[in-house]
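This chain uses plain numbering: 1 for the first residue, then up along the sequence. As the structure is a computational prediction, the values presented were derived from the model and not from experiment.
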Amino acid sequence: MPKNSKAVKRELDDDVTESVKDLLSNEDACDDSFKKTSLIVNNHEGEGKECDVEEGGSDGEEEERPAWNSKLQYILAQVGFSVGLGNVWRFPYLCQKNGGGAYLVPYLILLILIGIPLFFLELAVGQRIRRGSIGVWNYISPRLGGIGFASCMVCFFVALYYNVIISWSLFYFSQSFQQPLPWHECPLVKNKTSTYVVPECEKSSATTYYWYREALNISDSISEGGGLNWRMTLCLLAAWSMVCLAMIKGIQSSGKVMYFSSLFPYVVLICFLVRALLLKGSVDGIRHMFTPKLEIMLEAKVWREAATQVFFALGLGFGGVIAFSSYNKRDNNCHFDAVLVSFINFFTSVLATLVVFAVLGFKANIMNSKCIILNTNKIVSLLGNGIDQSLIPLHVNLTHVSEVSAEDYHQMIGIIKGVKEDEYLKLGLEACSIEDELNKAVQGTGLAFIAFTEAMTHFPASPFWSVMFFLMLVNLGLGSMFGTIEGILTPLIDTFKVRKEFLTVGCCVLAFSIGLLFVQRSGNYFVAMFDDYSATLPLLIVVVLENVAVAWVYGIDKFFEDLKDMLGFTPYRFYYYMWKYITPILLLVLLCASFIQLSMTPPSYSAWIQEEAKEQIVDFPTWGIVVCISLVVMAIMPVPVVFGLRYFNIIDDNTSGLSTVSYKKGRIIKETARPGEDDDTSLIQGKTPSEAPSPMPGNTIYRKQSGGPEADTAPNGRYGIGYLMADMPDMPESDL
């Protein structure tokens, strides 16, 4: 530095002091001192520019951070992320399994106690700090910075297999433009002497055979790789290409796609509901679904499964919620958003359940009719050879078997069973009950690609409905994928300052390459493995730590002050007790219950045995168990690693640009001044990331608090805003 630089600097200081006094001379003395701050920015030619600093402070990138085009676009993005495939194929299964309509009671209670408070918390921290998950938790507590990295790891694991499910839907979508549908009936094999049905299909069903053999061409175990399924590989490439193109410009591109991907599923669900209600038997399915089994509500397993579903339905812990809300204005009413999106998610689940059970009721009616015809033919063949003609009611006409009603059949069975009580089992007659058919609980791929596809083969104009259904699944999946990928990209871009386009393409290429594991013949078993082990425990641990970080490490009282500043009103006291006591306790109970369940259940998967044409539960091999444990450990490992590095000062807290500052009302506070700074004032070389590197020297920024004494300033590092020294005596604390 030249010898006369000190004198030049002091002259500049005097000029700035005078200019600040002039600027503030007309200020109202009653103005809140921390809400008005002025900057004089002097470049080296001596030209100045005045600008206001937004309350709460931020780095130089603040002005350039992307923003949603409209509130509707943002809400659709959050709805698209939270409403996913689980709403269509997981919630109806849980509803049926856990007491029908009675299941809605524990679900709603836990939505209010766990879902909405945690969703509100993630929206609030993302909107206030305006960073992805890594930046947010680094900022709140550097030692808990690993939470953000753990969220990114879980997002990456989930994205790997979730996009495979989208690729399955794309395959079925592409095969739906045929009449009849290719899974309508079993294929025939012709040889020189005869024609016969494929044995694997004959032992199962047309839709089951098509799913396992035609679509997946599945192997008998996870150890038999069997090579790549080239059709699914192309579908996976198409799925990742769509995600990449939609995400490459960030929310500017994905936000526009949300208008279609978020709204189209509702159009399809409503069309399906209207169509299904016009079909015979749909009311039976809906009645079965809403018939409450109140005794089941007392079982602890029901509450555990309801809590888990609430947790995953809203996408808590993934980082997607935080990433999307970080592009909001700071004064956005995120409490309203949290309640709105949570209940939209709930009502979507109920709507999907109505559709599923209406369609399954129609399917059960079809299957029941087939069962009655089959068993009535058995009765006709047994007349005079085990069954007397006198046991058949006079009004039942067995000459036209197809005209025998369900009531007539059950009356015949009742009489035969009463008379032939000892010999009834030997006759081989079935009860043919719609209730029994509806009690065959199916979920996941079994519901979407087997049960639902079978039902649609009986629809009038079945190709049209098949196209609509699988296009809906693709859109539901893409909406969730956008949030999941945003949960990876936003934190990395905020932290490492890389180009969004390059990172997006690189992430998608890497994920597609690893995803080839899921499109080999044994790929379905790896999807099940990742689904069971890569997300459940790690996400629960992440959300517990998020709750503890805000309520206990940062401080619930400070957080409430920040919410009041941000929202303009104090949130309900209900949230205070939820965040501080109730929600952490419930999450810990859920975490323990999930851990116990995983520990007591040996790692296993459902394998399709080709010779027997049925599923069979098989234990994972030793290497498979190692992979399962590794998925859990890798996902949660960043938390203890970052904590250890910070705790033992292997990585100093001051090495992170985001974690070195703590916010006070109206300004950012640097925790420690750089040694050797002049006590009167300091020269700050500031430049925004968009300007660096630049051949021109950075701007010189001076800062003076309005209505108070001159404040010392400290170097700002790489973000281009001067930080006030932390020893200011007149500034009330509020760390956001």
Cys628 side chain near Met529 side chain, heavy-atom distance below 4.5 Å: yes
Nearest-0.5 Å distance, CE of residue Met468 to CZ of residue Arg275: 13.0 Å
Check: Tyr327/Thr490 side-chain N/O donor and acceptor closer than 3.5 Å: yes
Non-hydrogen side-chain atoms of Asn365 and Asp284 separated by less than 4.5 Å: yes
By ring pair (Phe, Tyr, Trp, His ring centres under 6.0 Å) - contacts of Phe530 (at least two apart): Phe518
Note: Arg521-Glu224 ion pair, threshold 4.0 Å (strictly below): no
Tyr525 vs Ser219 side-chain heavy atoms within contact, under 4.5 Å: yes
Under 3.5 Å: donor-acceptor pair, side chain of Asn377, backbone of Ile373: yes
Beyond-backbone contact of Met297 with Pro106, side-chain heavy atoms, under 4.5 angstrom: yes
Ring center gap for Phe177 and Phe173 short of 6.0 angstrom: yes
Polar side-chain atom of Asn375 near backbone of Cys371 as donor-acceptor pair, under 3.5 Å: yes
Heavy-atom side-chain proximity of Ile450 to Tyr210 below 4.5 angstrom: no
Audit row: Glu430, Lys370, salt bridge (Lys or Arg N to Asp or Glu O under 4.0 Å) steps and yes/no: CA-CA 12 Å; Glu430 298 176 36; Lys370 289 182 177 179; over 6 Å; no
Residue pair Trp168 / Asn524, side-chain heavy-atom distance below 4.5 Å: yes
Whether Phe260 and Phe264 hold their rings parallel, tilted or perpendicular, with breakpoints at 30° and 60°: parallel
Candidate pair Gln78 and Asp337, rule side chain to side chain donor-acceptor pair (under 3.5 Å), full reasoning: CA-CA 9 Å; Gln78 291 286 15; Asp337 300 342; over 6 Å; no
Flag, side chain of Ser262 to backbone of Leu76, donor-acceptor distance under 3.5 Å: yes
Sole residue of Tyr74, Trp68, Phe482 in ring-ring contact (aromatic ring centres under 6.0 Å, His included) with Phe324: Trp68
Tyr266 and Thr348: side chain donor to acceptor below 3.5 Å: yes
Contact check, side chains of Lys363 and Glu454, non-hydrogen atoms, under 4.5 Å: yes
Met247 backbone acceptor or donor facing Lys500 side chain under 3.5 Å: no
Aromatic plane relationship, Phe449 with Trp211 - under 30° parallel, 30 to 60° tilted, over 60° perpendicular: parallel
Pair Tyr107 + Phe346: ring centers closer than 6.0 Å: yes
Residue pair Gln520 / Asn229, side-chain donor-acceptor N/O under 3.5 Å: no
CD (Gln179) with more than 12 external heavy atoms under 6.0 Å: yes
Any donor-acceptor pair under 3.5 Å from Ser167 side chain to Val164 backbone: yes
No-hydrogen, no-angle side-chain donor-acceptor test under 3.5 Å, Asn475 and Ser261: no
Expected output: side-chain Glu122 to main-chain Gly317 donor-acceptor under 3.5 Å: yes
pair check: Cys244 + Cys508, SG-SG < 2.5 Å: no
Donor + acceptor pair across side chains of Trp183, Gln178 (<3.5 Å): no
Within the 6.0 Å centroid threshold, strictly below: Phe362 and Phe459: yes
Side-chain touch Leu537/Ser594, heavy atoms, less than 4.5 angstrom: yes
Check: Leu123 main-chain N/O paired with Ser325 side-chain donor or acceptor under 3.5 Å: yes
Intermediate values then yes/no, ring-ring contact (aromatic ring centres under 6.0 Å, His included), Phe311 and Phe119: CA-CA 9 Å; Phe311 185 82; Phe119 197 61; over 10 Å; no
Criterion side-chain contact (heavy atoms from CB on, under 4.5 Å) on Ile165 and Trp89, from CA distance to verdict: CA-CA 12 Å; Ile165 300 173; Trp89 67 30; 3.3 Å; yes
Validation row, ring centre Tyr161 to ring centre Phe526 under 6.0 Å: no
